[in-house]
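See below for the structure under consideration.
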Amino acid sequence: MNDRELLRYNRHILLPQIDIEGQEKICAARCLIIGLGGLGSPAAMYLAASGVGELILVDDDHVDESNLQRQIVHNENRLQVNKAESARQQLLALNSMIQVQTFARRLDDSELREHIKSADVVLDCSDNFSTRKQVNRLCVDESVPLVSGAAVRFEGQLTVIDKREQTNPCYQCLYEDVGEENLSCSQNGVLAPVVGIVGTSQALEALKIICELNDVLTGVLALFDGKANRWRYLNFNKNKNCKVCA
Ligand SMILES: [Zn+2]
């Protein structure tokens, strides 16, 4: 790390759990972020500010005025701009020392697999079950840690899938019986800070994984209740009959 980086990341380096060694891991890390909406906005901004060396952003959608109520990586000057591109501009304005690569389209299995393989951590910030299941399946195949988040109305949820340890459960183990229907924010609404809390927590888990810290939410479903401003935690196990990871 050069002098400028040592100064810039000083408040991380002061933490004994991070130190220079941890910050070097963060600066060398590559994170793949799927979706630059309400969850991806704070997740990407905190990872960029933290100095994650390379961010790969995937989103096929464009910025709409109704997104600005919660998708804080975008702004009024970038309406109709692709969300990955809009986010790239904001993230590089925040931290010019990082690299940001964008994909303004949905990636098919083989492309997504290549980017997952090359990532240290994947953040699923998408808003639909089909993408979540696709990302889970590929992260399981490639044994790359996945931080999965979701939020709607006043409720959020968060979990970490880490199949570097084969006994850990995957997303499919948790949602085997759930159909393809989505509880979308566009139809049900969402209170802005709820997506902020979940997306920020995704960045926190990603940094803990990169720095190899303990107490990552692997096998734990964290449920956020915004009305009470309270988290609950449910443990879940690997499903022996899971279609994806058994
Ligand atoms: Zn599974």
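Both counts, for ligands and for their atoms, begin at 1 and track the order of listing. Just so you know, residue 1 is the first one in the sequence shown, and it goes up from there. What you are looking at is a predicted structure, and each value in this text was computed from that prediction instead of being measured.
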Show me, pair by pair, the donor-acceptor contacts under 3.5 angstrom made by side chains of residues 193-207, not counting sequence neighbours?
| from | atom 1 | to | atom 2 | distance (Å) |
| --- | --- | --- | --- | --- |
| T200 | OG1 | G196 | O | 2.6 |
| S201 | OG | I197 | O | 2.7 |
| Q202 | NE2 | D124 | O | 3.0 |
| Q202 | NE2 | V147 | O | 3.2 |
| E205 | OE1 | L217 | N | 2.9 |
| E205 | OE2 | K208 | NZ | 2.7 |

Over 60° means perpendicular and under 30° means parallel, so classify the ring planes of F129 and Y175, tilted if in between.
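The arrangement is perpendicular - the two ring planes meet at more than 60°.
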Tally every protein N/O/S atom whose distance to the Zn ion (ligand 1) is less than 2.8 Å; waters are neither shown nor counted.
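Protein N, O or S neighbours of the Zn ion (ligand 1) under 2.8 Å, waters not counted, come to 4.
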Table please: side-chain donor-acceptor pairs of residues 232-242 below 3.5 Å, with sequence neighbours left out.
| from | atom 1 | to | atom 2 | distance (Å) |
| --- | --- | --- | --- | --- |
| K238 | NZ | Q166 | O | 2.9 |
| K238 | NZ | C245 | O | 3.4 |
| N239 | OD1 | N241 | N | 2.8 |
| N239 | ND2 | E176 | OE1 | 3.1 |

By ring pair (Phe, Tyr, Trp, His ring centres under 6.0 Å) - contacts of F103 (at least two apart)
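Here the qualifying residues are H115.
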Work out which heavy atom in Q69 is nearest to a heavy atom in A192; give both atom names and the distance.
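Reported closest heavy-atom pair: O-CB, 3.2 Å.
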Minimum heavy-atom distance between I161 and P169, given as atom pair plus value
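Closest approach of I161 to P169, heavy atoms only: CG2-O, 3.8 Å.
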